[in-house]
Amino acid sequence: MTDTRVRHFIFHITIYDFCLCTFIFLLYFLCMNQHAQKIRVRFAPSPTGHLHIGGVRTALFNYLYARQMGGTYCLRIEDTDKERSTNANMQEILSALEWLGLSPDETPVIQSEHSQEHLEAADQLLREGKAYRCFCTKEGLEADKIKAESEKRAYRYSGRCRELSENEIQAKLDTGLPYTVRFRIPEGITRFKDMVYKDIAVNNEEIDDFIILRSDGSPIYQLSVVVDDANMNITHVIRGEDHLSNTPKQILLYLALGKKVPKFGHLPLILAQDGKRLSKRHGASSVDEFKEMGFLPEGLLNGLALLGWGDNMPKPIFSLDELIKRFDFARVNKKGAIFDPDKLAWINGQHLSRSEAKDMWPFVKPLWQNAGWIDPGFSDEDGIRYTDLLKSRIRLLNEFVLYGKYLFKDPLTFDMKAIDKHLQSPDIKKYISILSTSFQSLKSSSAEEMEAKLREVADMHEIKASMLIHPLRIAVTGFGVSPDIFKICEILGLETVIRRLNLLKIFLV
RNA sequence: GUCCCGUUCGUUCAGCGGUUAGGACUCAGGAUUUUCAUUCCUGCAACAGGGGUUCGAUUCCCCUACGGGAUACCA
């Protein structure tokens, strides 16, 4: 073989290898893509009341997981309970989610608009003998329940209609007897691996043949969720722990309908202060209430994320983006969590002091406008300056109202605790007078000049500067706590400061 | 009643067979701030009880107690 031929031979091998490698890689890539199905999650509230923090936490974890996995976060309104669902509630849920920044990636699915699909699923089960018509009356069933209870026996559906013959069914149908449709629970054990609760196994004998269609023909939740989740291609069902015991029933439905069973992740419940379940009548606060209390969306979300999940960082303050990065199902715990309003407020305060004044001003402006202190035309520059001054001592936005008032109005009341603590010197009125007269000699209202003047007066009378600073603060703000008092004086101007000093003097008499 | 799940400071999150049981919030004390708040430091404070398994259990198993969920023609 000549050199050229050898070279040709090698060249061909290389080309061949290259093609083969490319082909294998492409094949692998295609397969991976097919298997690494894109993650789809959903938050599915029912519009039977306000959106409360338990719901928000569920929405949040769905959102975090979707974002982290590059998946899609969907919303479904479960309004099959026509008695209790209202449109107003639905709108409120939507706007609350928007405020929180948890709006869905796709148009929300309204469950009631899909009842046809639910009915078809029930029909399919009926045809395949996986469900059956039950002609038992509500009253009869109720009587069975009462009887079981009086005998201290667990109530189970009698199974009366389970094995009705074709003829019997037809006869009942002919007489126009109303019926419900029950799902026939197969024998066996239903197992699944929950993302939080790990291995769960339930003996199917424990599950009654539950109703999937009411006697008026409307579908029931258990059926609707399964059909909708399957139709929406939901891959991960992330919801409250109260659904853990429903899951085996739903898995059985998926199987009966020939649908792919999604993965499940159940979240521990958020409990009221006394450890009881949160409900509308019991400690459940709506998102609106938190908004009114002065929470930032990010602060509320941060606080809620820390319920049932923790990163064990010394400072548990996370932005939404940081939460997306850090969130991990392996760290979600199984214990129900009581939320602590104090800690929630502290977390919000941390977010507040982390934020720039210019970002907070849009939240503060309407508060001050509503209070009637500023016009819509109030300059943003001043607003941001004021916000910046106040923000270090504030945990909740509405404290901008409480502690911001003195920037616009003379205080009408004074903090008695502060007076007791700082204004007990017998000479206090004398000091206030001296301060107010000495301020009159100033040419400008600058913070530096006022501070220098105050010090000079203190030195002259051989007293500590704090003997004058405290009365000044109380006179100007009405509170024992405030940001840099000289900066506040600068904003207010000499005339106002002097007037307020005199007001305090009068008050002390 | 039955089934499922859970149980670490007051609250929350750590710990995944050997730790002085850790962090955060709250509370108390101190430092800084000429003052208050912020910030920083220090402190108080917990493995529900009983059996196993193991050289050794907060950690694994069982029982009891307590709590929660499900058991609906609610979702």
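Proteins get letters first, then strands, A, B, ... in listed order; numbering begins at 1 in each.
Annotation: proximity of residues 248-255 of chain A to RNA chain B (heavy atom, distance under 4.0 Å) is found for Lys249(A), numbered in ascending order. Against RNA chain B, the stretch residues 446-460 of chain A makes heavy-atom approaches under 4.0 Å through Glu451(A), Arg455(A).
The nucleotide rG56(B) finds no pairing partner, because no Watson-Crick or G-U wobble arrangement with both distances shorter than 3.5 Å includes it. Across every strand in view, rA14(B) sits unpaired, with no contact that passes the Watson-Crick or G-U test at under 3.5 angstrom. When both distances must be under 3.5 Å, the Watson-Crick or G-U wobble mate of rA28(B) is rU42(B). Searching all strands for a Watson-Crick or G-U wobble partner of rC3(B) with both distances below 3.5 Å returns rG69(B). Nucleotide rA21(B) has no partner under the Watson-Crick or G-U criteria, as no pair reaches both atom distances under 3.5 Å.
Although no hydrogens or angles enter the test, the distance criterion places no donor-acceptor pair under 3.5 Å between the side chain of Asp228(A) and the main chain of Gln111(A).
Spacing between rC41(B) and rU19(B) at atom P, rounded to whole Å, works out to 27 Å. Across the C1' atoms, rC16(B) and rU8(B) are found 13 Å apart, a figure rounded to whole Å. Taking the C1' atoms as reference points, rU42(B) lies 41 Å from rU64(B), given to the whole Å. Taking atom P in both rG23(B) and rG15(B), one finds a spacing of 15 Å when rounded to whole Å. The separation of rU39(B) from rA75(B), taken at their C1' atoms, amounts to 48 Å, rounded to a whole angstrom.
When heavy atoms are screened at a 4.0 angstrom cut-off, Leu213(A) is found touching no nucleic acid atom at all. Residue Ser46(A) is in sugar-phosphate contact alone, with no base atom involved, counting any heavy-atom pair closer than 4.0 Å across all strands shown. Residue contacts for Phe486(A): at a heavy-atom cut-off of 4.0 Å it reaches a base atom on one of the strands shown. When heavy atoms are screened at a 4.0 angstrom cut-off, Ser85(A) is found touching no nucleic acid atom at all. At the heavy-atom level, His266(A) lies nowhere under 4.0 Å from the strands shown. Using a 4.0 Å heavy-atom cutoff across all strands shown, Gln222(A) reaches at least one base atom of the nucleic acid.
Rounded to a whole Å, the CG atom of Leu352(A) is 13 Å from the P atom of rU39(B). In this structure, NZ of Lys464(A) is placed 14 Å from C1' of rC36(B), rounded to the nearest angstrom. If you take OH of Tyr155(A) and P of rA70(B), they are 18 Å apart, rounded to a whole angstrom. Taking atom CG on Asp208(A) and atom P on rG1(B), their separation rounds to 18 Å, with Å as the unit. As rounded to whole Å, 12 Å separates atom P of rC5(B) from atom CD of Glu206(A). Between the CD1 atom of Ile212(A) and the P atom of rA75(B) there is a distance of 13 Å, given to the nearest Å. Protein atom OH of Tyr197(A) is 14 Å distant from nucleotide atom P of rG68(B), rounded to whole Å. rC74(B) atom P lies 13 Å from atom CG of Leu223(A), rounded to whole Å.
Under the 30°/60° scheme for interplanar angles, the aromatic rings of Phe507(A) and Phe414(A) are found to be tilted.
Side-chain contact check for Lys130(A) and Gln124(A): no donor-acceptor pair (N or O, by modelled atom type) lies under 3.5 Å. Inspection of the His351(A) and Asn348(A) side chains reveals no N or O donor paired with an N or O acceptor under 3.5 Å. Defined by atom type and a distance below 3.5 Å, a donor-acceptor pair is missing between the side-chain atoms of Lys391(A) and Ser353(A). With 3.5 Å as the limit, one finds no donor-acceptor pair spanning the side chains of His50(A) and Asn89(A).
When side chains are defined from C-beta on, Leu504(A) counts as touching Leu423(A), because their heavy atoms get closer than 4.5 Å.
If you look at Phe43(A) and Tyr73(A), their ring centroids are not closer than 6.0 Å. The aromatic ring centres of Phe61(A) and Phe327(A) sit less than 6.0 Å apart.
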How would you summarise protein contacts on nucleotides 57-65 of chain B per nucleotide, using B for base, S for sugar-phosphate only and - for none, with heavy-atom distances below 4.0 Å? ---------
For every nucleotide of nucleotides 8-25 of chain B, 5' to 3': is a protein heavy atom under 4.0 Å from its base (B), only from its sugar-phosphate (S), or from neither (-)? S--SSBS-------BSBB
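Only one option out of Val226(A), Leu257(A), Thr247(A), Asn204(A) pairs with Leu252(A) in a side chain to side chain contact (heavy atoms under 4.5 Å, CB included); it is Asn204(A).
Ionic pairing of Lys453(A) and Glu456(A) is present here: one or more N-O contacts between side-chain nitrogen and carboxylate oxygen are shorter than 4.0 angstrom. A salt bridge does not link Glu149(A) to Lys145(A): none of the charged nitrogens lies less than 4.0 Å from a carboxylate oxygen. For Arg331(A) and Asp328(A), the salt-bridge test fails: no basic side-chain N is under 4.0 Å from an acidic carboxylate O. Under a 4.0 Å N-O distance rule, the pair Arg354(A)/Glu322(A) qualifies as a salt bridge.
Residues in residues 460-469 of chain A take part in no side chain to side chain donor-acceptor pair (under 3.5 Å) pair, two or more places apart or across chains. Residue pairs meeting the salt bridge (Lys or Arg N to Asp or Glu O under 4.0 Å) criterion with at least one partner in residues 196-217 of chain A, sequence neighbours excluded, are Arg156(A)-Asp208(A), Arg162(A)-Asp209(A), Lys193(A)-Asp199(A).
A cation-pi arrangement is absent between Arg182(A) and Tyr132(A) under the rule of less than 6.0 angstrom and at most 45 degrees off the ring axis.
Checked by distance alone, Asn246(A) brings a side-chain donor or acceptor within 3.5 Å of a matching partner on the base of rA75(B). For rC36(B), its base never sits under 3.5 Å from the side chain of Ser482(A) at any donor and acceptor pair.
Checking rG1(B), rG69(B), rC73(B) against every side-chain atom of Leu269(A), the shortest atom distance belongs to rG69(B). With rA70(B), rC74(B), rC73(B) as the choices, the nucleotide that has an atom nearest any side-chain atom of Leu141(A) turns out to be rC73(B). Of the listed nucleotides (rU34(B), rG6(B), rC4(B)), rC4(B) has the atom at the smallest distance from the side chain of Ile200(A). Closest to the Tyr221(A) side chain, of the nucleotides rU39(B), rG69(B), rA75(B), is rA75(B). The Asp242(A) side chain lies nearest to rG69(B) when the options are rC3(B), rU39(B), rG69(B). Of the listed nucleotides (rA75(B), rC73(B), rG68(B)), rC73(B) has the atom at the smallest distance from the side chain of Lys138(A).
With the nearest nucleotide of RNA chain B identified for both Gln350(A) and Pro219(A), Gln350(A) has the one nearer the 5' end. When each of Ser245(A) and Ile211(A) is assigned the nucleotide of RNA chain B with its nearest heavy atom, Ser245(A) is the one assigned upstream, toward the 5' end.
In plain terms, the two heavy atoms of Leu213(A) and Pro219(A) that are nearest each other are CD1-CA, 3.6 Å.
Between Arg214(A) and the phosphate of rA75(B), there is a side-chain N or O to OP1/OP2 separation shorter than 4.0 Å. OP1 and OP2 of rU34(B) both lie 4.0 Å or more from every side-chain N or O belonging to Ser466(A).
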